[in-house]
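Report on the following structure.
Side-chain atoms are counted along with the backbone in the values below, which use heavy atoms only and exclude waters and symmetry mates. Remember, it's 1-based here, ligands and their atoms both numbered in the order they're listed.
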Amino acid sequence: MLKRTCYSDNIKDGEEVVLAGWVHERRDLGGIKFILLRDREGIAQITAPKKKVSEEIFKLMDSLGREWVITVKGNVKSSPQAPGGLEVIPTEIEVISMAEPSLPLDPSEKVDADIDTRLDNRYMDIRKPKVTAIFKIRSEILRAARDYLLSQSFVEIQTPKISASGTEGGTELFPLSYFEREAFLAQSPQLYKQTMMATGMDRVFEMAHYFRAEESNTRRHLSESDAVDIEMSFIENEDDVMHILENLVSYILKCVNENKKKELSLLGIEINVPPTPFRRVKYDEAISLLQEAGFNVHHGEDLGTESEKALGNIIKEKYGDDLYFLTKYPLSTKPFYTNFDGDVARAFDLDYKGIEISSGGQRIHNVEVLKTRIKEKGLPVSSFEAYLKPFRFGMPPHGGFGLGIDRLIMQMLNLENIREGVLFPHDRRRLEP
Ligand code: ATP
Ligand code: MG
């Protein structure tokens, strides 16, 4: 096999190159034949004028099928009509792998496919340059997140994904048989990352995988999702945690803007990097804004999908903000481990264009208070014994958040559906691929 010398976006006039990729399109104008060769970085035009290439190559150009894998050796020439102003005149073409003629979907994006067909044939769907672009941006999001957190002296950790109990609520657990016992897939690293605060590690983060048995089929919930989770010690209140979150998100947006220009322009997306600090909207204010706009919402209840979306529009109109914190939630809407002042939770959500992308707050670090809250939530204290033990032997005040990556990319790129930003999304109905 010919060895690739560069990707299609890196060819230069006058060079001899070897490209490797898929046959995106073919055109035949009689005396001149074209192939568009697609690789990860773009599309290159292979031009074979009858008079300038060998007879063998001229014939081979005819026999190639769409989506065949080929390598092409040739000379780069400038050509104003070609994409990128350059074309490759082939001197050698190798067929590496053929494709059946009837394709399950059209990678050249001329024919639209519905989301189910796309996900059923994801390997081919991802060949589309716009879909590839989403996953290159996703990689940059993760790189930037690591970069930022490491720069703020966080230590990266990994915690178990099989656990003895749930964290975020009983109904969304996936049970599994663990030898002679029952265990569950981890809904979040919550309990482990809090335990880490008792180890003296002080500031930790995890690129975490969540498993949640979300019954309803929504455009923003999956059975498996990814998040950046952090936990930090010696905080004064939840504001210290919000400070890290807003700077993290702002840094991620800035990095994507600077380092993924080609992908953003392909997707037709302009990212607005908001100034920090992000706007803080108190829960009470959010309820009033929604009531004024005619929504039937009541103090004390968590915001539903519709009101969350409406609030996003109201805040955008009133202040021009895409990203804003919702603060001072009623304690009753938050999990048992949430710290509080009276009946107000020291917790927050971060919303992006009307969808929650992160939740966090200060946690309870006093073991007696924690036990009381577990009881008040109607949970059995006995099943939290292992979690509670570290709180008995020196636990600093701490807090953290979980930032959903799939939600972040969905809102950043205005994707219709969370599934578009996940390679192989799994949900209530879909377990394959
Ligand atoms: P929601 O109320 O929107 O269902 P949640 O409050 O249950 O979310 P958290 O427990 O706060 O979710 O999890 C932290 C973050 O993880 C969320 O803000 C979201 O970005 C992401 N997340 C949670 N559950 C899912 C899911 N099922 N699919 C995709 N992302 C999720
Ligand atoms: Mg939440």
ask   = If you measure from each non-hydrogen atom of Asp406 to ligand 1, which part falls under 4.0 Å: side chain, backbone, both or neither?
value =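 No part of Asp406 comes within reach of ligand 1.
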request  = Inspect the surroundings of NZ in Lys377 and state if more than 12 heavy atoms from other residues, nucleotides or ligands are less than 6.0 Å away.
outcome  =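 Yes, NZ of Lys377 has more than 12 neighbouring heavy atoms, counting only those of other groups under 6.0 Å.
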Which one of [options] has a non-hydrogen atom at the shortest distance from [atom]?
atom                    : options                        : answer
atom 13 (O) of ligand 1 : Glu224, Gln187, Arg212, Glu308 : Arg212
atom 31 (C) of ligand 1 : Ala347, Ser225, Gly361, Gly404 : Ser225
atom 1 (P) of ligand 1  : His221, Met410, Lys334, Gln411 : His221
atom 20 (O) of ligand 1 : Ile357, Leu408, Asp229         : Ile357

ask   = So, does Asp349 sit close enough to ligand 1 that a heavy atom of it is under 4.0 Å from the ligand?
value = no
inquiry  = If the contact criterion is a heavy-atom separation under 4.0 Å, does Ser358 count as touching ligand 1?
reply    =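 Ser358: in contact with ligand 1 (<4.0 Å).
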Salt bridge check: are [X] and [Y] linked by an N-O gap of less than 4.0 Å?
X      : Y      : value
Lys136 : Glu41  : yes
Asp114 : Arg118 : no
Glu140 : Arg138 : no

Compute the centroid of each ring, for [X] and then for [Y], and state whether the two points are separated by less than 6.0 Å.
X      : Y      : value
Phe234 : His398 : no
Phe184 : Tyr178 : no
Tyr324 : Phe278 : no
Phe424 : His426 : no
Phe348 : Phe325 : yes

ask   = N/O of Leu222 under 3.5 Å from N/O of ligand 1, yes or no?
value =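 Among all N and O atoms of Leu222, at least one is under 3.5 Å from an N or O of ligand 1.
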For ligand 1, which atoms sit closer than 4.0 Å to a heavy atom of [X]?
X      : answer
Gly402 : 14 (C), 15 (C)
Ser359 : 11 (O), 18 (O)
Tyr210 : 13 (O), 16 (O)
Glu214 : 24 (N), 26 (C), 27 (N)
Ile418 : 29 (C)

inquiry  = Between Lys261 and Asn259, is there a side-chain donor-acceptor contact under 3.5 Å, judged purely by atom types and distance?
reply    =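 Short answer, no.
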request  = Would you list the protein N, O or S atoms within less than 2.8 Å of the Mg ion (ligand 2), leaving out water?
outcome  = Glu356 OE2, Ser359 OG
key: From Asp406 atom CG to Asp226 atom CG, the distance as rounded to the nearest 0.5 Å   =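 Nearest 0.5 Å value for the CG-CG distance: 5.5 Å.
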inquiry  = Which residues pass the salt bridge (Lys or Arg N to Asp or Glu O under 4.0 Å) test with Asp240, not counting sequence neighbours?
reply    = none
